[in-house]
Amino acid sequence: EKILLAHGAHREGKRTDAVMEKWRGYGLGQFIHWGLYAIPGGEWNGKQYNGAAEWIRSWNGIPNATYDSLIYKFNPTAFDATAWAKSAKQMGARYVTFTTKHHDGFCMWPSKYSKYTVAASPYKKDIVKAVVDAYDKEGIDVILYFSVMDWSHPDWRYEIKTKEDSVAFERFKKFTRNQLIELLTNYPKAKGLWFDGTWDKSWVKQAAFADDLETEMRKLRPGLIIGSRFRADENGKRHFDSNGVLMGDYEQGWERKIPNKIEEVHGNDWDCVMTVPENQWGYNKAWNGHIKSANELLEMTAKCVSLGGNFVLNFGPQGDGAIRQEELNLATKIGDWMKLNQEAIYNCGYAGYEKQDWGYFTKKTGSDQVYMVVFNVPVSGALRLKMPAKTKISKAYMLADREEKILPEEINSNEYFLKLKKKDHQEPFVIVLETGKNAENKESIYE
Ligand SMILES: C[C@@H]1N[C@@H](c2cn(-c3ccccc3)nn2)[C@H](O)[C@@H]1O
């Protein structure tokens, strides 16, 4: 029994318009966290900050004013948005999410509503515009990241306790609306907004305001994509309203984690945003702890696509604007694999088959084409393939070499061994399975 909500979800189920259908098929995206925090890079006065580098302003070892004076050091001479966009293009990213303003409140665009922006830095120029234009030129769609929480703004409050808090936060709400309308007006090419910093009580209490603001933004920019993290319903429920219905156009809860089974995504669109180190979004001088390899990141990409989502890999450019070599190397390795196997990633989704040991099924949206993205080859060198009942395989072949046919040997009803020519693979590979109506209806010898 659903309860009546004034500020819960306004739509149930996936959006069916073309903009969202394109978003659903992206498969692989790039996140970029870049701001003043890239200058210290997780270190201050020779001491290592042990949190996420983009949170260094919150470290009690640094007076806020000292951190904020980093604005006078911001002059990224190596910043080249076109080089970033070309690197993302060769990696195979179909969209990019870029930090316009992180929790520290520094604006990477010359906002009229703040003094704490690139315009007041030695660099002066509009970085958001440079990124939007360069990525758009490469055919990569742009999503703008925006943190509602703004540590540098005098009217920001974690919660509203006093009358003064309430008066200040009303000013903050107006400021936030002004900046969002400004971003949508300045950068009409942006396809969506990726909200963050919306978990504190102050914002969670603004169900009506945030709901109205979301409506206003969608009216200003028809087709705009907004995730589930923007607002809470009138009972303070976030991501899913009091009736358990997803708010926004896709689920944004998958931050540094990936669902394990289809039931966890509740039939919604979603993307997973992921760091290369364990938990660093902004540039951190220390490149340590568990650094994910290209194969690990490819497996995460395939896993997300196999469960109907997109995988968004984070890059943290240095204070001078250059992307660190380790990240460029990963982008190249991922791109080399994507060039051969992108057919199994782009415009693919959940195949509806049970998960198997060798890796992930993906299915081309709107077709019978099924892909096996293989990460684990058993010592036997033969893959055990369990298909749903009545699913026949007419053809199986290597995506990277279509001449290499694979003959499925039926070992049980709807169960096959796929014998591989090569046993040792240094990286994941894709087998194409032709199934469905065009498969001959040879009866199984086991039925
Ligand atoms: C996308 C990522 N979201 C930001 C973040 C995550 N968190 C956070 C806050 C409380 C619990 C767990 C995570 N705070 N800020 C990170 O700084 C980065 O921007």
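In listed order, ligands and their atoms are each counted from 1.
The side-chain tip of K173 points at the ring of F209 from less than 6.0 angstrom away and within 45° of straight on. Stacking of K355 on the aromatic ring of Y360 is recorded, both the 6.0 Å distance cut-off and the 45° axial limit being met.
Among protein residues, H33, E54, W55, H102, H103, Y145, W194, D196, W199, E255, W281 come within 4.0 Å of ligand 1, judged on heavy atoms.
For residues 69-94, the side chain to side chain donor-acceptor pair (under 3.5 Å) pairs, not counting sequence neighbours, are K86-E138. Sorted by first and then second residue, the salt bridge (Lys or Arg N to Asp or Glu O under 4.0 Å) pairs involving residues 269-285 (not counting sequence neighbours) are R24-D269, E43-K285. Residue pairs satisfying the salt bridge (Lys or Arg N to Asp or Glu O under 4.0 Å) criterion with at least one member in residues 54-68, sequence neighbours excluded, are listed as follows: R57-D68.
Judged by distance alone, the side chains of Y145 and D196 do bring a donor and an acceptor atom under 3.5 Å apart.
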